[in-house]
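Just so you know, ligand 1 is whichever comes first in the structure, and atom 1 is the first atom listed for that ligand. In what follows, residues are counted from 1 in the order of the sequence shown.
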Amino acid sequence: MTQTAAQLDGRVVAGHGRRFVVETVTGERLICLTAGRSVQAVCGDRVRVEPGLDDALIREVLPRTSLFSKADDRGRSVPAAANLDQVLVTLAVEPRPEAFLTDKYLAAIGAMGLAASILLNKIDLPECGAVEADAYLGYFESLGYKVFRVSTRSGPGLDALRAGLAGKSSMLVGQSGVGKSSLLNALVPEARSRITELSAATGEGKHTTTSTTLHPLPGGGALLDSPGIRDLSLAHCPPEALKSLFREFTGRATHCRFADCMHLTEPGCAVRMAVEQNEIPASRYSSYKKLVITMRQAKERKYD
Ligand code: GDP
Ligand code: ZN
């Protein structure tokens with residue numbers, strides 16, 4: 001579709017139901033509805049908008065570079081944000097990281113084709129000295145994941161984090177209580193008032209905001225906030241694809257007896273051997289097994 005003189009290009013910065021807020025390149029904020037069911041927009045989408053007397057219309061969603069989905073209560077994937085460059089799995093010294101959740105997040109982000117990094121918050125807490133946490137993160141660094149160590153409360157690490165976010169479109173995911181909203185407020189000082197304004201504009205109550213909002217970062221780039229995310233879905237990922245998302249498996253898998261080894265019960269499995277020899281942490285392997293089993297069960301339920 002070509003752009004007519006009256007149409008404008010912009011970016012969806014909030015949405016609730018069929019109402020969206022679009023910020024145009026000139027910084028103007030338009031309340032929009034989608035033009036029919038065939039137009040499905042999410043936060044972060046670049047869109048072509050036709051201004052109207054009342055609400056404007058989103059005529060077209062421009063091609064996406066990525067689509068990030070969250071899982072609903074039944075594990076189904078629900079699109080939540082478009083055009084992200086990276087997702088930061090946010091952990092904290094307290095509440096302590098849950099190994100399975102971290103592994104699941106990293107795999108699900110990889111399955112969406114997005115870059116994943118890890119952010120450890122609250123390094124000001126005395127428990128941070130626990131070498132355990134550092135060895136845990138060191139392992140992920142050895143797999144090539146970038147790790148940011150931050151105290152949102154007292155400041156260390158925030159500048160390195162700002163540099164890692166600059167010019168990119170990023171999202172934080174993580175358990176409740178790790179400090180995601182504190183981080184957003186530290187990185188985007190006007191975030192709180194912006195969320196109130198955006199949710200008023202889309203008709204979502206300010207105390208129940210669960211939809212995604214996009215916040216431009218002072219240094220360029222954007223941070224997307226989605227307080228509703230509790231879980232990520234691997235619904236679209238075949239179990240056979242999961243094994244390559246556990247990065248430490250790939251090199252070793254070439255030594256498995258069977259080329260299509262799923263590293264479960266097959267004889268001559270080099271991945272299981274590496275687990276037995278403590279080269280791969282038992283927690284990583286048990287996360288993998290748990291995910292494959294859950295994915296297979298979900299598939300069977302679908303065909304029942
Ligand atoms: P969210 O649920 O992930 O959004 O977490 P919040 O931002 O609501 O933070 C949860 C709690 O952790 C709050 O009491 C924050 O004040 C606290 N908190 C956040 N960042 C830090 C930090 O860097 N250090 C310490 N000690 N506490 C923090
Ligand atoms: Zn194997």
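His263 contributes atom ND1 as its closest N/O/S atom to the Zn ion (ligand 2).
For a heavy-atom separation below 4.0 Å, the residues in contact with ligand 1 are Asn121, Lys122, Asp124, Leu125, Ser151, Thr152, Arg153, Gln175, Ser176, Gly177, Val178, Gly179, Lys180, Ser181, Ser182.
One N or O on the side chain of Ser66 and one on the backbone of Leu84 form a donor-acceptor pair closer than 3.5 Å. The backbone N or O of Leu223 sits nowhere less than 3.5 Å from a side-chain atom of Ser170 that would complete a donor-acceptor pair.
Ion pairing of Arg19 with Glu204 is absent here, as no side-chain N (NZ or NE/NH1/NH2) approaches a carboxylate O to less than 4.0 Å. Salt bridge status for Asp103 with Arg284: present, with a side-chain N to carboxylate O gap under 4.0 Å.
Here the rule is side chain to side chain contact (heavy atoms under 4.5 Å, CB included) with Thr90, and of Ile118, Val173, Leu119 only Leu119 fits it.
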Under the side chain to side chain contact (heavy atoms under 4.5 Å, CB included) criterion, do Glu279 and Met273 qualify, and how do the steps go?
-> CA-CA 9 Å; Glu279 288 167 17; Met273 178 80 82; over 6 Å; no
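Side-chain contact check for Ser199 and Thr202: no donor-acceptor pair (N or O, by modelled atom type) lies under 3.5 Å.
Put simply, the angle at the Zn ion (ligand 2) from SG in Cys256 to SG in Cys269 is close to 110°, to the nearest 10°.
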